[in-house]
Protein chains: 2
Amino acid sequence: MPVTVRQVAAKAGVSPVVVSRVLHNKATSVRVSEATAIRVREAAKELGYRCNVLARNFRNQQTRMIGVLHGVGFERPSFDQGPRYFACLMDGVVEGAFKHGYSVTLCPHLLGSTPQEAMNDGRFDGLVWYSAAPSEENRRMLLEATVPLVVIHGHKGEFGDQLPTVICDNDQGIDLAVEHLFNLGHRRIAFALGGDVITIESFSRLTAFQNSMARRDAPVNDCDIVHISPDFEELDEFLRAKDRHTAVISHTDKLAGQILERAPKLGVRIPDQLSVIGFDSTAYCRELRPALTSVNQPLAMMGERAIDLLMEIIGGAPPLSPHVVLPCGLDIRESTSPVSI
Amino acid sequence: MPVTVRQVAAKAGVSPVVVSRVLHNKATSVRVSEATAIRVREAAKELGYRCNVLARNFRNQQTRMIGVLHGVGFERPSFDQGPRYFACLMDGVVEGAFKHGYSVTLCPHLLGSTPQEAMNDGRFDGLVWYSAAPSEENRRMLLEATVPLVVIHGHKGEFGDQLPTVICDNDQGIDLAVEHLFNLGHRRIAFALGGDVITIESFSRLTAFQNSMARRDAPVNDCDIVHISPDFEELDEFLRAKDRHTAVISHTDKLAGQILERAPKLGVRIPDQLSVIGFDSTAYCRELRPALTSVNQPLAMMGERAIDLLMEIIGGAPPLSPHVVLPCGLDIRESTSPVSI
DNA sequence: ATGAAAGCGCTAACAA
DNA sequence: TTGTTAGCGCTTTCAT
């Protein structure tokens with residue numbers, strides 16, 4: 001039923017090859033006389049010819065599709081739930097891909113019997129992977145990919161320098177937060193981490209905090225680091241010791257949100273008695289009361305740059321700078337105020 | 001370089017067909033002796049065989065991919081910006097697709113030289129289209145689709161009953177809002193619309209409002225309908241006439257947000273002097289002050305049901321009920337309160 | 001400038 | 001139960 005090059009060829013009185021050349025081959029090296037080209041185009045139009053992309057993809061072994069992998073075990077991402085990095089990131093990824101004439105596909109773990117299979121079976125010309133904390137198994141899978149792959153939120157050394165990465169500048173972002181607090185007169189500043197595991201990510205931000213403080217002659221001690229666990233034990237202790245710190249920088253917005261929720265229960269007013277800064281500056285910050293001051297990652301830009309990188313690799317050129325680091329900003333909202341003397 | 005069925009066949013001492021049958025044909029009708037099946041599987045494993053999906057897709061003329069089209073002129077959707085229906089919807093779409101073993105692809109208008117081409121060239125087994133207000137051109141395109149297509153947020157008659165639709169129950173949703181206000185003692189209730197155009201959507205909700213009020217013996221007059229235009233002229237007038245109404249239901253959250261922003265400037269306190277209800281109940285409601293009470297659409301469920309419908313059609317069965325209508329809920333927040341006497 | 005041949009890897013249909 | 005044949009629609013040689 002569908003019209004093929006052959007039929008168009010017959011109608012135009014040429015061979016299928018010519019039809020293909022006229023209709024699909026954008027290269028300048030195609031030499032077909034203008035007269036026949038016109039005949040072919042007319043025939044195609046009359047017959048309502050449409051190229052079968054599946055045949056073409058097969059023939060060329062490329063799909064002009066980018067696959068997006070996500071999270072531990074390639075779990076399904078949510079655009080709406082949770083802290084919504086993913087939504088922001090994806091806006092950039094989609095923007096970047098469309099710009100290059102590619103489309104973007106969300107891959108469930110169930111494509112193929114194993115993720116590796118789906119990753120490498122040719123259905124995608126390239127892959128983007130995103131997660132702040134890859135499992136060891138994930139790392140192995142990613143390193144074994146036979147398809148061009150860029151890791152968003154990947155740290156330079158995390159994949160033995162073998163995979164290109166895009167990440168925000170944690171050092172500079174944390175420094176922005178510290179600077180803001182210093183400008184408000186704060187000196188006794190704490191840093192909040194998730195209680196469970198130290199990821200390469202939280203470690204990176206903690207180190208950034210230590211360095212930033214050290215540069216300002218305010219070295220960080222153990223007692224300046226709060227580990228927030230699900231039972232809030234250490235957090236509550238921190239909040240009760242009212243006079244120890246006047247401000248706290250949290251490793252993530254989520255943790256900062258927990259501080260904001262917990263504080264009033266223990267009689268700590270924010271920001272009057274304690275200024276709080278988060279990291280990521282997603283819409284979640286605006287939903288909190290008080291709205292959370294937060295370091296923003298240029299997530300959309302990170303997504304877009306990841307695709308740019310991917311395109312370089314797909315194009316065959318080893319990327320000039322395979323580790324992109326993008327600067328953060330600071331969104332000042334209601335959870336920080338001058339230190340009260 | 002890549003291993004093909006042929007090579008596996010050679011190694012296992014069988015024909016390529018048998019390999020295909022053993023490795024890919026999930027149907028129960030495949031009759032291959034267990035012994036050879038094992039030999040084939042071993043050979044495949046040793047050689048590191050991986051099925052070339054592109055070849056398979058080509059052969060079968062199907063991709064197990066769903067394409068997502070969006071908005072007027074097939075513009076690029078944003079997951080993060082704007083009112084974020086799209087993010088919620090997509091969570092459902094992805095959930096539904098993954099459940100059926102399909103993946104989801106975001107299609108730019110630039111796939112192929114025209115949208116129709118990309119829609120119908122075989123790269124997708126089915127399509128989902130979303131937009132509250134399709135242009136006439138869009139309508140035509142959608143009706144001409146040769147690929148199974150479901151319209152999310154489509155009204156039953158909107159596409160000449162030719163396309164299956166999924167939508168929320170505007171009547172029941174608006175009734176929920178009216179009921180809530182009546183329970184709070186409100187009787188003089190206004191309805192706010194965008195000033196520019198009446199879409200099938202806003203018309204539907206307005207009608208629902210009129211009916212709901214009429215059922216409660218509180219018929220709606222013209223002066224109970226506020227058209228909010230970019231210059232806020234009519235809105236300001238409405239807000240200044242303080243005593244006319246004690247509550248207003250808005251056609252969308254966005255408009256309700258404008259009321260919330262505008263009111264204090266004209267000395268109207270919300271909710272004390274005016275209760276406000278929105279429609280959609282996206283995260284945006286929680287970002288507003290006061291947080292906006294709003295009718296929620298079951299967006300994720302709508303996305304998922306759209307895919308279920310699509311699967312029925314792809315499966316070859318004309319859907320039993322091609323027009324799915326899902327019930328709304330009401331999220332009560334801070335922008336409504338009992339009428340003050 | 002155009003065409004003939006050949007094949008990408010897979011799998012229905014039929015034959016044995 | 002297994003194998004042979006054939007072809008999906010396209011495009012890249014290589015000849016003319």
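Since we're looking at a predicted model, the values are computed, not measured. In the text below, chain A, chain B and the rest are named by the order of the sequence lines, each starting its count at 1. Any value given below was found using the heavy atoms of this structure, including those in side chains, with hydrogens, waters and symmetry copies removed.
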Where along nucleotides 6-16 of chain C does protein come under 4.0 Å, by heavy atom, of base (B) or sugar-phosphate alone (S), with - for untouched nucleotides?
-> -BBBBBB----

Parallel, tilted or perpendicular: ring planes of Phe79(B) versus Phe79(A), cut at 30 and 60 degrees =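 Parallel: the ring planes of Phe79(B) and Phe79(A) meet at under 30°.
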
Aromatic ring pairing Tyr130(B)/Phe86(B), orientation class (parallel under 30°, perpendicular over 60°, tilted between) |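 Tyr130(B) vs Phe86(B) ring planes: tilted.
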
Under 4.0 Å: is that the gap between some side-chain N or O of Thr36(A) and OP1 or OP2 of dA1(C)?
->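 The answer is no; no side-chain N or O of Thr36(A) sits under 4.0 Å from OP1 or OP2.
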
Nearest-angstrom distance from the residue atom [atom1] of [X] to [atom2] of [N]:
{"X": "Asn57(B)", "N": "dG9(D)", "atom1": "CG", "atom2": "P", "answer": "15 Å"}
{"X": "Gln7(A)", "N": "dC8(D)", "atom1": "CD", "atom2": "P", "answer": "11 Å"}
{"X": "Ile38(B)", "N": "dT2(D)", "atom1": "CD1", "atom2": "C1'", "answer": "17 Å"}
{"X": "Leu54(B)", "N": "dC8(D)", "atom1": "CG", "atom2": "C1'", "answer": "14 Å"}

If you look only at distance, which donor and acceptor atoms sit under 3.5 Å apart when one is on a side chain in residues 9-20 of chain B and the other is two or more places apart or in another chain?
residue, atom, partner, partner atom, Å
Lys11(B), NZ, Glu46(B), OE1, 3.2
Ser15(B), OG, Val17(B), N, 3.4

Within 6.0 Å of CE in Met311(B), more than 12 heavy atoms from elsewhere =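 Correct, the count exceeds 12.
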
Side chain to side chain contact (heavy atoms under 4.5 Å, CB included) between Ile66(B) and Thr105(B), intermediate numbers included = CA-CA 6 Å; Ile66(B) 301 295; Thr105(B) 302; over 6 Å; no

Can you list the steps and then say if Asp125(A) with Tyr102(A) is a side chain to side chain contact (heavy atoms under 4.5 Å, CB included)?
-> CA-CA 9 Å; Asp125(A) 292 351; Tyr102(A) 277 66; 3.6 Å; yes

At how many degrees, to 10°, do the end axes of the helix from dA1(C)-dT16(D) to dA16(C)-dT1(D) meet when each uses five pairs?
->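 Helix axis angle between the two ends: 30°.
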
Is the shortest distance from a Lys or Arg side-chain nitrogen in Glu136(B) or Arg139(B) to a carboxylate oxygen in the other one below 4.0 Å?
->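 Yes, Glu136(B) and Arg139(B) are salt-bridged.
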
May I ask you to check whether Thr63(B) and Asn57(B) show a side-chain donor-acceptor distance below 3.5 Å?
->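 The answer is no; no qualifying pair exists.
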
